[in-house]
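One-based numbering along the sequence shown. Whatever order the structure lists them in is the order used to number ligands and atoms, beginning at 1.
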Amino acid sequence: MNKIALMGECMFELSSVKDGLLKQSIGGDVYNTAVYLKRVFPSVDAGLFTCVGHDSISDSMLEQFNAEGLNNSLINQSDNLIPGAYLINTDDEGERTFVYWRDNSAARQVMKNMTHAQAKNLEDVDMFFFSGISLAILPEEDLSAFFELVTKLKSAGCKIVFDPNYRARLWQTPAKAKQAFEQSFELSDLLLPGVDDFKQLYQLETGQQIQAFLASYSIDEVVIKDGPQMVTCIKGSQTYNIEITPVNHVVDTTSAGDSFNGVYLGARLSGMTIEESVKLAAQAAAIVIQYSGAIVPKQSFTLSRPA
Ligand code: ADP
């Protein structure tokens, strides 16, 4: 097993530096996940399943995907839309706020723009990853086509992986999010939620309550993240509680969950055990939160892999 498709949106990022200057970059939960996966597991074939435009921002995004070693064969291009964007403002206390322009982004049209070649290239993926953000950006009328695609991949033996990554403001109502999430739980083989996702949407507070809630679905592997608290993994009848070493000086938690997911998936695709995979993923997330921004410079990101 070594080919994974990750469905979601990559956006143009602008962050305030000083004196009105803005630094440009790219980011988005699924893109961040793909980058960290590929950095730690270069032999895994990882590609974004997304849509960009024909503009200069899209061109530089595609170049950056290439530079990160991602496979661009699952990307389609819109004739008239461009990528979404966001601005990160940091106040004097270091608190970050985000402003988005993504309502009409190319990535939202990934299902409508799907090509025959893209569908063909999806046929042999071993793993398909998407998040609650990937679902939230799809126009409502495209959700059924998306779930049909996931169902088809699953019946062809592809492992389906979902991270609910709940963002209330992206959904018209919590009920719509629940409906899409529950369809995703039905299809998932591997679930990578954070405790926060369930707290906000289902008022469940602990790993145990989440485990009980998920018992009615037949999800083979569940990995529950909870910031610096222990990670709870459930595989069949076994439960593993894996301690996390808290980071003392957290700089920015952006991408903690994304880097964890990417490294966890790369590790599992490469045959590592659940415990080894969680430890490596936690090591990655611990580095990421000690830097500002979603993507840590390559030279600062080295992990010690188990022998
Ligand atoms: P999300 O970004 O999805 O909310 P979490 O905050 O649960 O994700 O964090 C994901 C992972 O990042 C955790 O399981 C843990 O491995 C790591 N992590 C997050 N916060 C800390 C912290 N303060 N110290 C050490 N590790 C952390």
Could you tell me whether the side chain of Asn32 and the main chain of Ala294 form a donor-acceptor pair under 3.5 Å? no
For Arg102, check side-chain hydrogen bond (donor to acceptor under 3.5 Å, both in side chains) against everything at least two apart and list the hits. Glu9
Restricting to side-chain hydrogen bond (donor to acceptor under 3.5 Å, both in side chains), what partner residues turn up for Asn71, sequence neighbours left out? Asp45, Ser73
State whether Asp142 and Arg108 are salt-bridged, where the test is any N-O pair (Lys NZ or Arg NE/NH1/NH2 against Asp/Glu carboxylate O) under 4.0 Å. no
Are Lys176 and Glu140 close enough for a salt bridge, meaning some N to O gap below 4.0 Å? yes
Does ligand 1 have any N/O atom under 3.5 Å from a protein N/O, and what are those pairs and their distances?
| from | atom 1 | to | atom 2 | distance (Å) |
| --- | --- | --- | --- | --- |
| ligand 1 | 2 (O) | Gly257 | N | 3.0 |
| ligand 1 | 7 (O) | Gly227 | N | 2.7 |
| ligand 1 | 24 (N) | Val247 | N | 2.9 |

If a pair satisfies salt bridge (charged side-chain N to carboxylate O under 4.0 Å, His left out) and one of its residues is in residues 237-257, list it, with sequence neighbours excluded. Arg96-Asp252
